[in-house]
Amino acid sequence: MDRIKAKVGILLIATERFRRLGADTEDGTYEQRKLIEAEEYVQNMNSFCDTVYTGQIYSRADLEYAMNAFYNEKVDCVFALFLSWAEDFLWIRFLRDMFPIPILFACKTRTGISFQNTFEENDFVEFLSAGGLVGSLEASGSIQRIQRPMLRTIIGTLPELMKKSKSFFLAAAVRSKLRTSNFGLLASYNEVMWSTYMDPYQIFTKIGPELRFLSVASLMKEIEAVKEEEVNDNCSLLMERYELLDDVDMDKLGASVRASLGLEKLARKAGVNMLVLNDVDTVLLTEVGLRPGFLPTPDGGDISVVPEGDLGGGLAVYILKLLSGRCVSFIEPFHIDLEQECFIAGHAGPNDYTGEGKVKIGKDVRFAKSGYKYAGAPFAWYVIPPGVKTMLHISECNGRYKMVCTLVEALPTNHFITSYSHGKFRPLKGTLQELFDQLIKIGVTQHYGIVEGDYTAELENLAGLLGLDFYHI
């Protein structure tokens with residue numbers, strides 16, 4: 001999955017009263033000066049997002065044209081700024097009439113003023129041109145009076161505005177993507193983990209994804225239809241890339257690859273972006289004979305999968321995937337190791353293994369002694385690589401959703417927990433016990449998505465846009 005890229009509408013409000021002032025001055029008219037400033041915003045934003053800009057807003061017609069363009073181009077959010085003082089009726093009309101969408105209202109701080117006094121007309125026009133603070137203060141009153149949802153304000157120099165805008169734009173793009181995404185649940189919630197249950201209606205109305213229910217019977221049809229050649233090709237790719245442990249049964253390797261291919265094909269046919277698999281469901285294990293162990297599949301799988309029927313875990317992994325475009329692991333903390341100053345975390349079952357961590361093809365020891373047809377069928381046994389990671393949890397609480405994130409450092413380690421993709425971690429701030437004390441007091445479940453990099457700013461923005469309770473530990 002590629003990292004998401006935002007499409008942003010740019011709304012720069014100017015004033016007709018000043019437009020032609022300074023016609024015979026050294027620095028040109030007010031409008032010419034504002035054209036230069038506007039181009040700075042557009043060029044800077046084009047370096048990290050796609051923009052829709054219809055020109056400076058001087059009139060009601062300009063505003064209506066811009067709003068129509070934003071709607072037709074399906075922008076994820078709008079960046080709004082007063083280029084100077086301007087009549088506020090345009091801004092108020094925008095707040096009243098613009099369709100529901102995230103809005104970032106910015107006030108630019110100038111690093112210096114280019115005139116000493118305003119005795120000369122050139123300096124006086126520059127004085128008027130530099131009045132963005134006046135316009136921002138004027139606009140702020142209407143922001144409070146109209147109280148549009150999903151509107152945030154920022155202030156800073158141009159580089160500071162761009163840095164703050166980037167995380168907001170990414171969050172807005174994720175919001176848009178969530179509203180057009182489909183999650184698949186196969187085939188049920190996990191009956192031994194009630195705390196992970198979430199209301200599909202609430203997920204759809206408050207967060208965005210539509211939930212589609214997939215059956216084991218449909219999966220069996222897809223598995224049976226997978227061609228032997230495709231299975232062999234994928235097995236060959238796996239053995240070329242990763243170490244195959246000596247106790248792996250080759251027939252069971254083929255069965256696991258076949259089931260993984262069938263699961264992806266089922267998800268694609270259902271139009272699913274994220275598959276939430278109850279991989280410990282007895283019907284699945286009885287009918288399929290194993291839990292699929294190579295997702296995504298090695299020849300270009302494009303479906304994200306999480307285990308144990310946890311929709312909140314699926315949301316966490318999917319959101320991190322959109323923000324990063326990286327391999328996202330699904331984990332649960334197992335225990336604290338005070339001697340090594342770390343906690344051990346990971347998860348059994350299907351897990352993304354396509355990152356930079358260590359991979360072996362090993363036997364699923366957890367089910368090796370069961371009576372299922374392919375007991376002990378192999379899987380991609382992954383060790384999460386070292387580095388700073390964002391750890392994210394999402395769950396439901398009394399009709400509301402909570403998003404809890406923290407930064408941790410993954411430590412270098414080798415494979416040591418059989419049948420679990422895993423790693424060793426320590427929090428970047430505070431002690432191990434303080435981290436889990438806060439998590440328990442907030443009230444969470446055991447499941448988290450974890451990805452390379454720091455996405456806390458984007459997640460805080462996203463939680464605000466979606467109306468989720470946000471906790472940054």
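Side chains included, hydrogens not; waters and symmetry mates left out as well; all remaining heavy atoms used.
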**Item:** Closest non-hydrogen atom pair between Leu311 and Met198, with its separation
**Value:** C-SD, 3.7 Å
**Message:** Is the ring pair Trp381/His422 parallel, tilted or perpendicular, if the boundaries are 30 and 60 degrees?
**Reply:** tilted
**Prompt:** Nearest 0.5 Å, what's the CZ-CG distance between Arg291 and Leu284?
**Reply:** 10.0 Å
**Donor-acceptor pair between Ser181 and Tyr318 side chains, under 3.5 angstrom** = yes
**Prompt:** With sequence neighbours left out, what residues match Asp199 under side-chain hydrogen bond (donor to acceptor under 3.5 Å, both in side chains)?
**Reply:** none
**Prompt:** Thr354 and Pro296: which non-hydrogen atoms are nearest, and at how many Å?
**Reply:** CG2-CG, 3.8 Å
**Prompt:** Does a sphere of radius 6.0 Å around CD in Gln433 hold more than 12 heavy atoms from other residues, nucleotides or ligands, not counting ones at 6.0 Å or beyond?
**Reply:** no
**Item:** Atom pair CG/CE of Leu11 and Met98 - distance to nearest 0.5 Å
**Value:** 8.5 Å
**Message:** Tell me whether Asp279 contacts the main-chain N or O of Pro307 through its side chain, where contact means a donor paired with an acceptor under 3.5 Å.
**Reply:** no
**Prompt:** Can a donor-acceptor pair be found between the side chains of Gln43 and Glu40 at a distance below 3.5 Å?
**Reply:** no
**Message:** So Pro292 and Leu277, do their side chains get closer than 4.5 Å, heavy atoms only?
**Reply:** yes
**Request:** State plainly whether the residues Arg268 and Asp302 are in salt-bridge range, i.e. N to O under 4.0 Å.
**Result:** yes
**Message:** Using the side chain to side chain contact (heavy atoms under 4.5 Å, CB included) definition, which of the options Ile442, Val408, Asp437 pairs with Ile473?
**Reply:** Ile442
**Item:** Expected output: side-chain Arg3 to main-chain Leu323 donor-acceptor under 3.5 Å
**Value:** yes
**Prompt:** Side chains of Arg175 and Asp76: closer than 4.5 Å at any heavy-atom pair?
**Reply:** no
**Request:** Please test Glu191 against Tyr197 for side-chain contact (heavy atoms from CB on, under 4.5 Å), starting from the C-alpha separation and ending with a verdict.
**Result:** CA-CA 9 Å; Glu191 294 180 358; Tyr197 290 6; 4.3 Å; yes
**Request:** Count the heavy atoms of every other residue, nucleotide or ligand shown that sit under 6.0 Å from OH of Tyr201, and state whether that count exceeds 12.
**Result:** no
**Asked** Can you tell me how far the CD1 atom of Ile319 sits from the CG atom of Leu466, to the nearest 0.5 Å?
**Response** 7.0 Å
Contacts under 3.5 angstrom, residues 443-450 side chains, donor-acceptor by atom type, not counting sequence neighbours:
residue	atom	partner	partner atom	Å
Thr445	OG1	His447	N	3.4
His447	ND1	Asp310	OD2	2.8
His447	NE2	Glu308	OE1	3.0
His447	NE2	Glu332	OE1	3.3
His447	NE2	His347	NE2	3.3
Tyr448	OH	Thr445	O	3.3

**Message:** I'd like to know if the side chain of Thr157 and the backbone of Thr109 have a donor-acceptor N/O pair within less than 3.5 Å.
**Reply:** no
**Message:** Around atom CD of Glu229, are there more than 12 heavy atoms from other residues, nucleotides or ligands closer than 6.0 Å?
**Reply:** no
**Asked** Quick check: does any side chain N or O of Arg326 sit under 3.5 Å from a backbone N or O of Val451, one acting as donor and the other as acceptor?
**Response** no
**Item:** Tyr374 atom OH: more than 12 heavy-atom contacts under 6.0 Å
**Value:** no
**Asked** Does the side chain of Phe48 come within less than 4.5 Å of Leu170's, by heavy atoms?
**Response** no
**Asked** For residues 398-407, which residue pairs qualify under salt bridge (Lys or Arg N to Asp or Glu O under 4.0 Å), counting only residues two or more places apart or in two chains?
**Response** Arg400-Asp469
**Prompt:** What distance separates Glu37 CD from Leu158 CG, expressed to the nearest 0.5 Å?
**Reply:** 8.5 Å
**Prompt:** Do the non-hydrogen side-chain atoms of Tyr53 and Met45 ever get within less than 4.5 Å of each other?
**Reply:** no
**Prompt:** Can you check whether Ile154 reaches Phe168 side chain to side chain, under 4.5 Å on heavy atoms?
**Reply:** no
**Item:** Where Cys107 and Leu161 come nearest, the two heavy atoms and their spacing
**Value:** O-CD2, 3.8 Å
**Prompt:** So Arg258 and Glu228, salt bridge (Lys or Arg N to Asp or Glu O under 4.0 Å) or not? Walk me through it.
**Reply:** CA-CA 8 Å; Arg258 182 184 297 276; Glu228 193 68 27; 2.5 Å; yes
**Asked** Should we say atom CD of Glu39 is surrounded by more than 12 heavy atoms from elsewhere, each under 6.0 Å from it?
**Response** yes
**Prompt:** Can you tell me if Ser47 uses its side chain to pair, donor with acceptor, with the backbone of Asn44 under 3.5 Å?
**Reply:** yes
**Request:** Evaluate the side-chain proximity of Tyr353 to Ser421: yes if any heavy-atom separation is below 4.5 Å, no if none is.
**Result:** no
**Message:** Within this structure, what is the CG-CD1 distance for the pair Leu295 and Ile303, rounded to the nearest 0.5 Å?
**Reply:** 10.0 Å
**Request:** Please lay out, stage by stage, how Asp352 and Lys321 fare under the test salt bridge (Lys or Arg N to Asp or Glu O under 4.0 Å).
**Result:** CA-CA 11 Å; Asp352 193 343; Lys321 193 84 171 174; 3.0 Å; yes
**Request:** Check whether any side-chain heavy atom of Asp233 sits under 4.5 Å from a side-chain heavy atom of Asp299, and report yes or no.
**Result:** no
**Side-chain touch Lys429/Leu407, heavy atoms, less than 4.5 angstrom** = no
**Message:** Let me confirm one number: the NZ-CG distance from Lys363 to Asp246, rounded to the nearest 0.5 Å.
**Reply:** 11.0 Å
**Minimal non-hydrogen separation, Ile155 against Lys164, with atom names** = O-NZ, 2.9 Å
**Prompt:** Can you tell me if Arg241 uses its side chain to pair, donor with acceptor, with the backbone of Pro298 under 3.5 Å?
**Reply:** yes
**Asked** Does the side-chain contact (heavy atoms from CB on, under 4.5 Å) test come out yes or no for Ile203 and Phe183, once each step is laid out?
**Response** CA-CA 10 Å; Ile203 290 176; Phe183 278 29; over 6 Å; no
**Asked** Does Ser256 use its side chain to pair, donor to acceptor, with the backbone of Lys252 at less than 3.5 Å?
**Response** no
**Item:** Residues, nucleotides or ligands: over 12 heavy atoms within 6.0 Å of Arg179 CZ
**Value:** no
**Message:** I'd like to know if the side chain of Glu356 and the backbone of Pro385 have a donor-acceptor N/O pair within less than 3.5 Å.
**Reply:** no
**Asked** Do Glu230 and Lys265 pass the salt bridge (Lys or Arg N to Asp or Glu O under 4.0 Å) test, and can you show the C-alpha distance, the side-chain angles, and the key distance before you say yes or no?
**Response** CA-CA 12 Å; Glu230 190 174 3; Lys265 292 175 188 293; 3.2 Å; yes
**Prompt:** Is it true that a side-chain atom of Asn278 and a backbone atom of Tyr189 form a donor plus acceptor pair closer than 3.5 Å?
**Reply:** yes
